[in-house]
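Throughout, protein chains are lettered first and strands after them, A, B, ... in sequence-line order, and every chain is numbered starting at 1. In what follows, every heavy atom counts, from backbone to side chain, and hydrogens, waters and symmetry copies are set aside.
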Number of protein chains: 2
Amino acid sequence: MGTKDRIASDLERSFAEAGFAEQGVEALRAEADVSLRTLYKHFPSREAMIVGALEHRDATYFRWLEGGPQEGAAHVLHPLVRLGDWLGEVANTGCLFLNAWAQYPDSAAIEAVVKDHKARLAEEFRRRLARVAPGRDTGHLAETLFLLHEGMTQAARLQGREIAYEAAMHAARAALAAAEID
Amino acid sequence: MGTKDRIASDLERSFAEAGFAEQGVEALRAEADVSLRTLYKHFPSREAMIVGALEHRDATYFRWLEGGPQEGAAHVLHPLVRLGDWLGEVANTGCLFLNAWAQYPDSAAIEAVVKDHKARLAEEFRRRLARVAPGRDTGHLAETLFLLHEGMTQAARLQGREIAYEAAMHAARAALAAAEID
DNA sequence: CTTAAGGTAGAGTGATCGCTTTACTTTTCC
DNA sequence: GGAAAAGTAAAGCGATCACTCTACCTTAAG
(Lines give C-alpha, C1' and ligand atoms only; values in the text may rest on other atoms or scores of the structure.)
Protein backbone atom coordinates (compact mmCIF):
# COMPACT_ATOMS: atom_id res chain seq x y z
CA MET A 1 0.00 0.00 0.00
CA GLY A 2 1.45 3.30 -1.11
CA THR A 3 -0.38 5.56 1.32
CA LYS A 4 0.99 3.90 4.40
CA ASP A 5 4.50 4.05 3.02
CA ARG A 6 4.21 7.73 2.18
CA ILE A 7 2.98 8.46 5.69
CA ALA A 8 5.84 6.42 7.13
CA SER A 9 8.26 8.51 5.12
CA ASP A 10 6.74 11.71 6.51
CA LEU A 11 6.85 10.31 10.03
CA GLU A 12 10.51 9.39 9.62
CA ARG A 13 11.38 12.89 8.51
CA SER A 14 9.30 14.43 11.24
CA PHE A 15 10.87 12.38 14.01
CA ALA A 16 14.35 12.90 12.59
CA GLU A 17 13.97 16.68 12.53
CA ALA A 18 12.13 17.30 15.77
CA GLY A 19 12.93 14.30 17.94
CA PHE A 20 10.48 11.89 19.47
CA ALA A 21 9.42 13.62 22.64
CA GLU A 22 8.58 17.07 21.36
CA GLN A 23 6.23 15.65 18.79
CA GLY A 24 2.60 15.00 19.67
CA VAL A 25 0.31 12.92 17.49
CA GLU A 26 -1.40 16.08 16.24
CA ALA A 27 1.95 17.41 14.98
CA LEU A 28 2.66 14.10 13.25
CA ARG A 29 -0.77 14.19 11.64
CA ALA A 30 -0.10 17.70 10.31
CA GLU A 31 3.29 16.68 8.96
CA ALA A 32 1.83 13.70 7.12
CA ASP A 33 -1.05 15.88 5.95
CA VAL A 34 -3.76 13.33 6.63
CA SER A 35 -6.67 13.18 9.01
CA LEU A 36 -6.22 11.76 12.48
CA ARG A 37 -8.52 8.91 11.59
CA THR A 38 -6.45 7.87 8.58
CA LEU A 39 -3.24 8.14 10.55
CA TYR A 40 -4.64 5.80 13.19
CA LYS A 41 -5.96 3.44 10.54
CA HIS A 42 -2.43 2.77 9.31
CA PHE A 43 -0.64 3.15 12.64
CA PRO A 44 -3.00 2.22 15.46
CA SER A 45 -0.90 3.83 18.18
CA ARG A 46 1.84 6.37 18.63
CA GLU A 47 4.22 3.52 19.31
CA ALA A 48 3.28 1.97 15.95
CA MET A 49 4.05 5.30 14.27
CA ILE A 50 7.52 5.23 15.75
CA VAL A 51 8.05 1.63 14.68
CA GLY A 52 6.83 2.52 11.19
CA ALA A 53 9.22 5.44 10.97
CA LEU A 54 12.13 3.27 12.11
CA GLU A 55 11.30 0.53 9.62
CA HIS A 56 11.25 3.13 6.88
CA ARG A 57 14.59 4.54 8.04
CA ASP A 58 16.04 1.03 8.11
CA ALA A 59 15.18 0.54 4.44
CA THR A 60 16.38 4.04 3.53
CA TYR A 61 19.71 3.55 5.23
CA PHE A 62 20.57 0.19 3.74
CA ARG A 63 19.73 1.55 0.30
CA TRP A 64 22.12 4.40 1.11
CA LEU A 65 24.93 1.89 1.74
CA GLU A 66 24.56 0.15 -1.62
CA GLY A 67 27.16 0.41 -4.35
CA GLY A 68 30.77 1.52 -3.89
CA PRO A 69 34.04 -0.34 -4.40
CA GLN A 70 33.71 -4.10 -4.60
CA GLU A 71 37.21 -5.08 -3.54
CA GLY A 72 39.93 -4.49 -0.99
CA ALA A 73 39.87 -2.37 2.13
CA ALA A 74 37.73 0.22 0.35
CA HIS A 75 34.92 -2.33 0.09
CA VAL A 76 35.01 -2.85 3.84
CA LEU A 77 35.33 0.85 4.62
CA HIS A 78 32.52 1.87 2.29
CA PRO A 79 29.73 1.90 4.94
CA LEU A 80 31.81 4.22 7.12
CA VAL A 81 32.42 6.54 4.16
CA ARG A 82 28.73 6.55 3.39
CA LEU A 83 27.92 7.25 7.04
CA GLY A 84 30.17 10.26 6.77
CA ASP A 85 28.18 11.44 3.75
CA TRP A 86 24.93 10.76 5.58
CA LEU A 87 25.99 12.81 8.60
CA GLY A 88 26.69 15.67 6.27
CA GLU A 89 23.19 15.60 4.86
CA VAL A 90 20.92 15.16 7.84
CA ALA A 91 20.45 17.25 10.96
CA ASN A 92 22.90 15.93 13.46
CA THR A 93 20.79 14.46 16.19
CA GLY A 94 22.53 11.15 16.76
CA CYS A 95 21.07 7.78 15.90
CA LEU A 96 17.32 7.73 15.29
CA PHE A 97 17.09 4.14 16.50
CA LEU A 98 18.98 4.65 19.73
CA ASN A 99 17.08 7.86 20.42
CA ALA A 100 13.80 6.00 20.04
CA TRP A 101 14.97 3.22 22.31
CA ALA A 102 16.14 5.74 24.90
CA GLN A 103 12.68 7.21 24.89
CA TYR A 104 10.73 3.97 25.16
CA PRO A 105 12.98 1.55 27.05
CA ASP A 106 10.01 -0.65 27.93
CA SER A 107 8.56 -1.07 24.45
CA ALA A 108 9.25 -4.53 23.11
CA ALA A 109 8.28 -3.52 19.56
CA ILE A 110 10.71 -0.63 19.46
CA GLU A 111 13.51 -2.61 21.06
CA ALA A 112 12.99 -5.33 18.46
CA VAL A 113 13.19 -3.03 15.43
CA VAL A 114 16.26 -1.28 16.86
CA LYS A 115 18.11 -4.50 17.61
CA ASP A 116 17.16 -5.94 14.24
CA HIS A 117 18.51 -2.91 12.42
CA LYS A 118 21.78 -2.94 14.34
CA ALA A 119 22.20 -6.68 13.92
CA ARG A 120 21.82 -6.31 10.16
CA LEU A 121 24.38 -3.51 10.19
CA ALA A 122 26.90 -5.70 12.00
CA GLU A 123 26.12 -8.44 9.51
CA GLU A 124 26.87 -6.01 6.68
CA PHE A 125 30.43 -5.60 7.96
CA ARG A 126 30.85 -9.34 8.42
CA ARG A 127 29.71 -9.98 4.85
CA ARG A 128 32.06 -7.39 3.40
CA LEU A 129 35.01 -8.73 5.35
CA ALA A 130 34.22 -12.29 4.30
CA ARG A 131 34.27 -11.18 0.66
CA VAL A 132 37.59 -9.37 0.98
CA ALA A 133 39.40 -11.87 3.21
CA PRO A 134 37.70 -15.21 2.54
CA GLY A 135 38.54 -18.05 4.84
CA ARG A 136 39.95 -15.83 7.56
CA ASP A 137 38.50 -15.20 10.98
CA THR A 138 37.42 -11.58 10.76
CA GLY A 139 34.68 -11.65 13.35
CA HIS A 140 36.45 -9.36 15.80
CA LEU A 141 37.29 -6.94 12.98
CA ALA A 142 33.64 -6.75 12.01
CA GLU A 143 32.73 -5.90 15.60
CA THR A 144 35.37 -3.19 15.61
CA LEU A 145 34.02 -1.62 12.43
CA PHE A 146 30.48 -1.77 13.77
CA LEU A 147 31.66 -0.06 16.94
CA LEU A 148 33.33 2.64 14.87
CA HIS A 149 30.08 3.15 12.99
CA GLU A 150 28.20 3.71 16.24
CA GLY A 151 30.99 5.83 17.65
CA MET A 152 31.10 8.07 14.59
CA THR A 153 27.36 8.67 14.79
CA GLN A 154 27.55 9.81 18.39
CA ALA A 155 30.85 11.66 18.12
CA ALA A 156 29.57 13.66 15.14
CA ARG A 157 27.10 15.57 17.28
CA LEU A 158 29.64 16.09 20.04
CA GLN A 159 32.85 16.88 18.19
CA GLY A 160 31.55 17.72 14.75
CA ARG A 161 31.17 15.60 11.64
CA GLU A 162 34.64 16.20 10.18
CA ILE A 163 36.50 15.26 13.33
CA ALA A 164 34.34 12.21 13.94
CA TYR A 165 34.76 11.04 10.37
CA GLU A 166 38.55 11.36 10.42
CA ALA A 167 38.82 9.69 13.82
CA ALA A 168 36.72 6.72 12.76
CA MET A 169 38.49 6.28 9.42
CA HIS A 170 41.85 6.54 11.13
CA ALA A 171 40.96 3.79 13.59
CA ALA A 172 39.40 1.63 10.89
CA ARG A 173 42.46 1.85 8.64
CA ALA A 174 44.77 1.06 11.56
CA ALA A 175 42.70 -2.00 12.46
CA LEU A 176 42.60 -3.24 8.85
CA ALA A 177 46.33 -2.62 8.43
CA ALA A 178 47.08 -4.60 11.59
CA ALA A 179 45.15 -7.50 10.04
CA GLU A 180 46.97 -6.98 6.74
CA ILE A 181 43.88 -6.24 4.75
CA ASP A 182 44.44 -3.69 2.02
CA MET B 1 24.53 21.38 51.27
CA GLY B 2 24.40 17.67 52.01
CA THR B 3 20.68 17.16 51.53
CA LYS B 4 20.65 18.35 47.96
CA ASP B 5 23.60 16.18 47.08
CA ARG B 6 22.04 13.10 48.63
CA ILE B 7 18.86 13.71 46.64
CA ALA B 8 20.93 14.19 43.47
CA SER B 9 22.54 10.83 44.08
CA ASP B 10 19.14 9.19 44.44
CA LEU B 11 17.92 10.90 41.28
CA GLU B 12 20.94 9.70 39.34
CA ARG B 13 20.34 6.12 40.39
CA SER B 14 16.66 6.39 39.67
CA PHE B 15 17.14 7.76 36.16
CA ALA B 16 19.90 5.27 35.42
CA GLU B 17 17.76 2.31 36.39
CA ALA B 18 14.42 3.29 34.95
CA GLY B 19 15.21 5.77 32.21
CA PHE B 20 14.01 9.33 31.93
CA ALA B 21 10.63 8.96 30.31
CA GLU B 22 9.08 6.27 32.44
CA GLN B 23 9.77 8.22 35.59
CA GLY B 24 7.29 10.77 36.84
CA VAL B 25 8.13 13.35 39.48
CA GLU B 26 6.17 11.37 42.06
CA ALA B 27 8.35 8.30 41.42
CA LEU B 28 11.47 10.43 41.78
CA ARG B 29 10.16 11.84 45.03
CA ALA B 30 9.55 8.35 46.37
CA GLU B 31 13.03 7.20 45.33
CA ALA B 32 14.65 10.16 47.09
CA ASP B 33 12.35 9.59 50.09
CA VAL B 34 11.54 13.26 50.63
CA SER B 35 8.37 15.30 50.34
CA LEU B 36 7.38 16.82 47.04
CA ARG B 37 7.83 20.26 48.53
CA THR B 38 11.42 19.58 49.57
CA LEU B 39 12.25 18.04 46.22
CA TYR B 40 11.03 21.15 44.44
CA LYS B 41 12.88 23.38 46.88
CA HIS B 42 16.20 21.90 45.77
CA PHE B 43 15.27 21.22 42.14
CA PRO B 44 12.61 23.68 41.05
CA SER B 45 11.58 21.73 37.95
CA ARG B 46 11.80 18.26 36.47
CA GLU B 47 14.40 19.57 34.08
CA ALA B 48 16.50 20.76 37.02
CA MET B 49 16.25 17.29 38.55
CA ILE B 50 17.66 15.80 35.37
CA VAL B 51 20.45 18.36 35.28
CA GLY B 52 21.22 17.64 38.93
CA ALA B 53 21.36 13.92 38.28
CA LEU B 54 23.68 14.42 35.31
CA GLU B 55 26.00 16.69 37.27
CA HIS B 56 26.20 14.06 39.96
CA ARG B 57 26.93 11.37 37.40
CA ASP B 58 29.63 13.55 35.86
CA ALA B 59 31.43 13.76 39.19
CA THR B 60 30.90 10.06 39.87
CA TYR B 61 32.32 9.01 36.52
CA PHE B 62 35.46 11.12 36.61
CA ARG B 63 36.17 9.80 40.09
CA TRP B 64 35.77 6.33 38.60
CA LEU B 65 38.50 7.08 36.04
CA GLU B 66 41.09 8.14 38.63
CA GLY B 67 44.17 6.08 39.37
CA GLY B 68 45.62 3.36 37.14
CA PRO B 69 48.96 3.11 35.35
CA GLN B 70 50.81 6.40 35.04
CA GLU B 71 52.95 5.60 31.99
CA GLY B 72 52.93 4.16 28.50
CA ALA B 73 50.02 2.95 26.42
CA ALA B 74 48.34 1.59 29.55
CA HIS B 75 47.99 5.13 30.90
CA VAL B 76 46.18 6.19 27.75
CA LEU B 77 44.03 3.07 27.61
CA HIS B 78 43.04 3.26 31.26
CA PRO B 79 39.74 5.14 30.74
CA LEU B 80 38.62 2.51 28.24
CA VAL B 81 39.51 -0.27 30.67
CA ARG B 82 37.56 1.51 33.39
CA LEU B 83 34.60 1.98 31.06
CA GLY B 84 34.66 -1.76 30.52
CA ASP B 85 34.49 -2.24 34.30
CA TRP B 86 31.72 0.34 34.56
CA LEU B 87 29.62 -1.39 31.91
CA GLY B 88 29.94 -4.57 33.91
CA GLU B 89 28.54 -2.94 37.03
CA VAL B 90 25.60 -0.88 35.84
CA ALA B 91 22.44 -1.83 34.00
CA ASN B 92 23.27 -1.55 30.35
CA THR B 93 21.12 1.26 29.11
CA GLY B 94 23.61 3.25 27.07
CA CYS B 95 24.92 6.68 27.98
CA LEU B 96 22.90 8.55 30.60
CA PHE B 97 23.92 11.89 29.11
CA LEU B 98 23.00 11.06 25.54
CA ASN B 99 19.74 9.48 26.66
CA ALA B 100 18.83 12.66 28.50
CA TRP B 101 19.71 14.77 25.50
CA ALA B 102 17.68 12.53 23.22
CA GLN B 103 14.72 13.08 25.48
CA TYR B 104 14.99 16.86 25.76
CA PRO B 105 16.59 18.03 22.52
CA ASP B 106 15.32 21.56 23.11
CA SER B 107 16.58 22.04 26.65
CA ALA B 108 19.59 24.35 26.69
CA ALA B 109 20.46 23.41 30.28
CA ILE B 110 20.59 19.69 29.51
CA GLU B 111 22.48 20.20 26.27
CA ALA B 112 25.05 22.28 28.14
CA VAL B 113 25.72 19.73 30.87
CA VAL B 114 25.96 16.92 28.30
CA LYS B 115 28.39 18.79 26.05
CA ASP B 116 30.45 19.88 29.03
CA HIS B 117 30.77 16.32 30.27
CA LYS B 118 31.78 14.99 26.87
CA ALA B 119 34.23 17.83 26.27
CA ARG B 120 35.94 17.05 29.56
CA LEU B 121 36.12 13.39 28.60
CA ALA B 122 37.82 14.24 25.31
CA GLU B 123 40.16 16.49 27.26
CA GLU B 124 41.00 13.57 29.53
CA PHE B 125 42.33 11.59 26.56
CA ARG B 126 44.27 14.59 25.26
CA ARG B 127 45.91 15.07 28.65
CA ARG B 128 46.88 11.44 28.95
CA LEU B 129 48.36 11.37 25.46
CA ALA B 130 50.30 14.57 26.09
CA ARG B 131 51.81 12.97 29.17
CA VAL B 132 52.83 9.78 27.38
CA ALA B 133 54.00 11.34 24.10
CA PRO B 134 55.03 14.87 25.00
CA GLY B 135 55.72 17.25 22.16
CA ARG B 136 53.94 15.14 19.58
CA ASP B 137 50.72 15.98 17.80
CA THR B 138 48.29 13.47 19.24
CA GLY B 139 45.07 15.42 18.73
CA HIS B 140 43.63 13.02 16.16
CA LEU B 141 44.53 10.06 18.38
CA ALA B 142 42.65 11.62 21.28
CA GLU B 143 39.60 12.02 19.09
CA THR B 144 39.88 8.39 18.04
CA LEU B 145 40.02 7.22 21.65
CA PHE B 146 37.07 9.40 22.57
CA LEU B 147 35.13 7.94 19.66
CA LEU B 148 35.99 4.43 20.85
CA HIS B 149 34.72 5.35 24.33
CA GLU B 150 31.37 6.44 22.89
CA GLY B 151 31.24 3.47 20.55
CA MET B 152 31.91 1.01 23.35
CA THR B 153 29.10 2.47 25.42
CA GLN B 154 26.57 2.06 22.65
CA ALA B 155 27.89 -1.23 21.30
CA ALA B 156 27.73 -2.77 24.78
CA ARG B 157 23.95 -2.72 24.81
CA LEU B 158 23.72 -3.99 21.24
CA GLN B 159 26.42 -6.64 21.03
CA GLY B 160 27.12 -7.29 24.69
CA ARG B 161 29.75 -5.87 27.00
CA GLU B 162 32.48 -8.43 26.31
CA ILE B 163 32.37 -8.05 22.54
CA ALA B 164 32.21 -4.25 22.74
CA TYR B 165 35.12 -4.14 25.15
CA GLU B 166 37.33 -6.36 23.01
CA ALA B 167 36.43 -4.49 19.84
CA ALA B 168 37.25 -1.11 21.35
CA MET B 169 40.50 -2.25 22.93
CA HIS B 170 41.53 -3.92 19.69
CA ALA B 171 40.97 -0.71 17.74
CA ALA B 172 42.64 1.42 20.40
CA ARG B 173 45.77 -0.74 20.49
CA ALA B 174 46.00 -0.75 16.71
CA ALA B 175 45.74 3.04 16.61
CA LEU B 176 48.38 3.47 19.34
CA ALA B 177 50.69 0.95 17.66
CA ALA B 178 50.37 2.79 14.35
CA ALA B 179 51.52 5.92 16.16
CA GLU B 180 54.30 3.96 17.85
CA ILE B 181 53.07 4.58 21.36
CA ASP B 182 53.66 1.67 23.67
C1' DC C 1 9.50 30.26 75.63
C1' DT C 2 9.50 31.91 71.27
C1' DT C 3 10.25 32.04 66.68
C1' DA C 4 11.75 30.96 62.34
C1' DA C 5 13.60 27.67 59.16
C1' DG C 6 12.82 23.73 57.04
C1' DG C 7 10.65 19.42 57.10
C1' DT C 8 6.13 16.12 56.06
C1' DA C 9 1.65 14.64 53.95
C1' DG C 10 -1.25 14.92 50.44
C1' DA C 11 -5.20 17.07 48.03
C1' DG C 12 -6.01 20.00 44.13
C1' DT C 13 -5.34 22.36 39.53
C1' DG C 14 -4.74 23.36 34.90
C1' DA C 15 -2.94 21.84 30.84
C1' DT C 16 -1.57 18.30 27.74
C1' DC C 17 -2.08 14.27 25.17
C1' DG C 18 -3.23 9.83 23.17
C1' DC C 19 -7.05 8.11 21.27
C1' DT C 20 -12.16 7.60 19.98
C1' DT C 21 -16.24 8.93 17.87
C1' DT C 22 -19.63 11.30 15.07
C1' DA C 23 -21.02 13.09 10.88
C1' DC C 24 -19.95 13.80 6.34
C1' DT C 25 -17.48 13.62 1.58
C1' DT C 26 -14.66 11.59 -2.06
C1' DT C 27 -12.82 7.91 -4.74
C1' DT C 28 -12.68 3.44 -6.77
C1' DC C 29 -14.32 -0.14 -9.35
C1' DC C 30 -17.52 -3.71 -11.00
C1' DG D 1 -25.09 3.95 -11.31
C1' DG D 2 -24.43 2.41 -7.01
C1' DA D 3 -22.18 0.49 -3.23
C1' DA D 4 -18.17 -0.13 -0.66
C1' DA D 5 -13.79 1.55 0.69
C1' DA D 6 -11.22 5.20 2.24
C1' DG D 7 -10.68 9.85 3.20
C1' DT D 8 -11.68 14.63 5.91
C1' DA D 9 -12.77 17.68 9.93
C1' DA D 10 -13.06 18.29 14.53
C1' DA D 11 -15.25 17.80 19.07
C1' DG D 12 -14.80 15.17 23.18
C1' DC D 13 -13.14 11.82 26.69
C1' DG D 14 -10.34 9.90 30.19
C1' DA D 15 -6.06 9.71 32.09
C1' DT D 16 -1.71 11.53 33.27
C1' DC D 17 1.46 14.76 34.90
C1' DA D 18 4.18 18.73 36.39
C1' DC D 19 3.55 21.71 39.74
C1' DT D 20 1.18 24.44 43.70
C1' DC D 21 -1.06 25.06 47.92
C1' DT D 22 -2.93 24.19 52.57
C1' DA D 23 -2.18 22.62 56.99
C1' DC D 24 0.61 20.78 60.26
C1' DC D 25 5.06 19.11 62.71
C1' DT D 26 10.11 19.19 64.30
C1' DT D 27 14.23 21.25 65.60
C1' DA D 28 17.44 24.39 67.35
C1' DA D 29 19.18 29.12 68.15
C1' DG D 30 18.45 33.36 70.89
Less than 4.0 angstrom between a side-chain N/O of A:Thr38 and OP1 or OP2 of D:dT8, yes or no?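 A:Thr38 to D:dT8 OP1/OP2: side-chain N or O found under 4.0 Å.
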Using a 4.0 Å heavy-atom cut-off to protein, can you give one letter per nucleotide of nucleotides 18-24 of chain C, 5' to 3': B if the base is in contact, S if only the sugar-phosphate is, - if neither? SBBBB--
With a 3.5 Å cut-off and sequence neighbours excluded, list the donor-acceptor pairs that the side chains of residues 156-173 of chain A form with protein atoms.
from	atom 1	to	atom 2	distance (Å)
A:Arg157	NH1	A:Gln154	OE1	3.3
A:Gln159	NE2	B:Glu143	OE1	3.0
A:Arg161	NE	A:Gly84	O	2.8

Length of the line joining [X]:[atom1] and [N]:[atom2], which is rounded to integer Å:
X        : N      : atom1 : atom2 : value
B:Phe43  : D:dC19 : CZ    : P     : 14 Å
B:Arg6   : C:dG7  : CZ    : P     : 10 Å
B:Gln103 : D:dA18 : CD    : P     : 11 Å
B:Lys41  : C:dA4  : NZ    : P     : 15 Å
B:Leu39  : D:dT20 : CG    : P     : 12 Å
A:Glu22  : C:dC17 : CD    : P     : 10 Å
A:His42  : D:dA5  : NE2   : P     : 15 Å

From the options B:Arg46, B:Glu47, B:Glu111, select the one residue that forms a side-chain hydrogen bond (donor to acceptor under 3.5 Å, both in side chains) with B:Tyr104. B:Arg46
What I'd like to find out is whether the side chain of A:Glu26 reaches to under 4.5 Å of the side chain of A:Arg29, using heavy atoms alone.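 Yes. Closest side-chain heavy atoms under 4.5 Å.
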Applying salt bridge (Lys or Arg N to Asp or Glu O under 4.0 Å) as the test, list every pair that has at least one member in residues 62-83 of chain A; sequence neighbours left out.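 Counting only pairs at least two positions apart or across chains, the salt bridge (Lys or Arg N to Asp or Glu O under 4.0 Å) contacts touching residues 62-83 of chain A are A:Arg82-A:Asp85.
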Heavy atoms of other groups near B:Asp182 CG, more than 12 under 6.0 Å: no
Are the side chain of B:Arg57 and the backbone N or O of B:Gly52 linked by a donor-acceptor pair below 3.5 Å?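 A pair under 3.5 Å: no.
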